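Note that this is a predicted model, so its numbers are computed, not measured. Hydrogens, waters and symmetry mates play no part in the numbers below; they use all other heavy atoms, side chains included.
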Amino acid sequence: QVQLAESGGGLVQAGDSLRLSCAASEGTFSNYGMNWFRQAPGKEREFVAAIRRGSTYYPPSIRGRFTISRDNAKNTVYLQMNSLKPEDTAVYYCAAYKTGLGFITTPDLMDYWGKGTLVTVSS
């Protein structure tokens, strides 16, 4: 199985930036699409960003503020978060899925999950 480990979360002020990392154990990293999700207390898990075969996808709510990237040689995916807002506070998870016809953004369809890293944005 693929093991994922997130890092880089912390406490920041509104307007600050953070870069999250997700290290994967799978040697053939390029065979998987990689996503970031987030979940705030009492809320459903929310799609944040996806990268698949060189293409990226973001929901309208974060488009222009967050950037997902990957380094296949290092088996690592990143999430650069800029202009952070208090409503961005959540546990951020990376997830992997076996790439197929296109992007998959539904949490239930992910094949592997990391344990998450907490991002707290104060006002």
Side-chain angles (χ1 to χ4, degrees):
Q1 66 173 1
V2 175
Q3 294 180 327
L4 304 174
E6 305 95 334
S7 62
L11 174 63
V12 298
Q13 291 186 328
D16 286 352
S17 298
L18 273 179
R19 184 175 65 188
L20 307 182
S21 299
C22 176
S25 63
E26 173 60 45
T28 313
F29 188 67
S30 61
N31 289 342
Y32 296 87
M34 298 296 300
N35 289 1
W36 286 96
F37 296 85
R38 66 186 181 186
Q39 188 166 22
K43 295 188 177 182
E44 296 182 349
R45 194 159 296 189
E46 175 188 19
F47 168 71
V48 173
I51 187 165
R52 172 187 172 275
R53 294 182 173 177
S55 297
T56 60
Y57 177 74
Y58 310 90
S61 62
I62 58 91
R63 197 167 293 160
R65 295 194 300 124
F66 294 2
T67 302
I68 187 171
S69 62
R70 70 193 298 170
D71 187 335
N72 289 338
K74 297 181 178 180
N75 287 347
T76 302
V77 64
Y78 306 94
L79 183 68
Q80 178 67 45
M81 304 185 293
N82 299 323
S83 302
L84 284 165
K85 306 173 182 179
E87 49 264 45
D88 294 320
T89 296
V91 176
Y92 283 72
Y93 300 89
C94 65
Y97 61 96
K98 299 172 184 176
T99 189
L101 295 177
F103 289 104
I104 300 176
T105 62
T106 303
D108 288 347
L109 298 180
M110 299 294 102
D111 294 312
Y112 305 100
W113 289 92
K115 292 182 173 61
T117 185
L118 177 63
V119 173
T120 303
V121 185
S122 63
S123 59

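Contact record, S21 with T76: CB-CG2, 4.4 Å, taken as the closest heavy-atom pair.
With sequence neighbours left out, the ring pair (Phe, Tyr, Trp, His ring centres under 6.0 Å) criterion links F37 to F47, W113. In terms of the side-chain contact (heavy atoms from CB on, under 4.5 Å) criterion, residue partners of S69 (sequence neighbours excluded) are, by chain and number, Y78. Q39 is linked by a side chain to side chain donor-acceptor pair (under 3.5 Å) to R45, counting only residues two or more places apart in sequence or in another chain. With sequence neighbours left out, A40 forms a side-chain contact (heavy atoms from CB on, under 4.5 Å) with K43, A90. Considering only residues two or more places apart in sequence or on other chains, Y92 meets the side chain to side chain donor-acceptor pair (under 3.5 Å) condition with R38. Applying the salt bridge (charged side-chain N to carboxylate O under 4.0 Å, His left out) criterion to R19, with sequence neighbours excluded, gives no partner residue.
Taking Ile, Leu, Val, Met, Phe, Trp and Tyr as members and joining any whose side-chain heavy atoms lie under 4.5 Å apart, directly or through other members, L11 forms no hydrophobic cluster with any other residue.
One distance of note links NZ of K85 with CG of D16; it measures 14.5 Å at 0.5 Å rounding. One finds the CD atom of Q80 at 12.0 Å from the CD1 atom of I68 (value rounded to the nearest 0.5 Å). Distance OG1/T67 to CD1/I62: 8.5 Å, rounded to 0.5 Å.
Side-chain contact check for T99 and R52: at least one donor-acceptor pair (N or O, by modelled atom type) lies under 3.5 Å.
Residue pairs that meet the salt bridge (Lys or Arg N to Asp or Glu O under 4.0 Å) test with at least one member in residues 70-81, sequence neighbours left out, do not exist here. Sequence neighbours left out, not one pair with a member in residues 23-58 passes disulfide bond (SG atoms under 2.5 Å apart). For residues 2-15, there are no side chain to side chain donor-acceptor pair (under 3.5 Å) pairs, not counting sequence neighbours.
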Fill in: Pair D88-R65, side chain to side chain contact (heavy atoms under 4.5 Å, CB included): steps then yes or no
CA-CA 11 Å; D88 294 320; R65 295 194 300 124; 2.8 Å; yes
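Each of T56, L20, L79 was evaluated against F66; a single residue qualifies, L79, per the side-chain contact (heavy atoms from CB on, under 4.5 Å) test.
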Under 3.5 Å, which donor-acceptor pairs link side chains of residues 115-123 to any protein atom two or more places apart or in another chain?
| from | atom 1 | to | atom 2 | distance (Å) |
| --- | --- | --- | --- | --- |
| T117 | OG1 | G9 | N | 3.1 |
| S122 | OG | V12 | O | 3.3 |

Please set out all donor-acceptor pairs under 3.5 angstrom arising from side-chain atoms of residues 100-112, sequence neighbours excluded.
| from | atom 1 | to | atom 2 | distance (Å) |
| --- | --- | --- | --- | --- |
| D111 | OD2 | K98 | N | 2.9 |

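Clustering ILVMFWY residues whenever any of their side-chain heavy atoms sit less than 4.5 angstrom apart, transitively, puts M81 in the very cluster that holds W36. Note on L4: it clusters hydrophobically with Y32, by side-chain heavy-atom contacts below 4.5 Å among ILVMFWY residues. Under a hydrophobic-cluster definition in which Ile, Leu, Val, Met, Phe, Trp and Tyr are linked whenever side-chain heavy atoms come within less than 4.5 Å, directly or via other members, V91 and M34 are assigned to different clusters.
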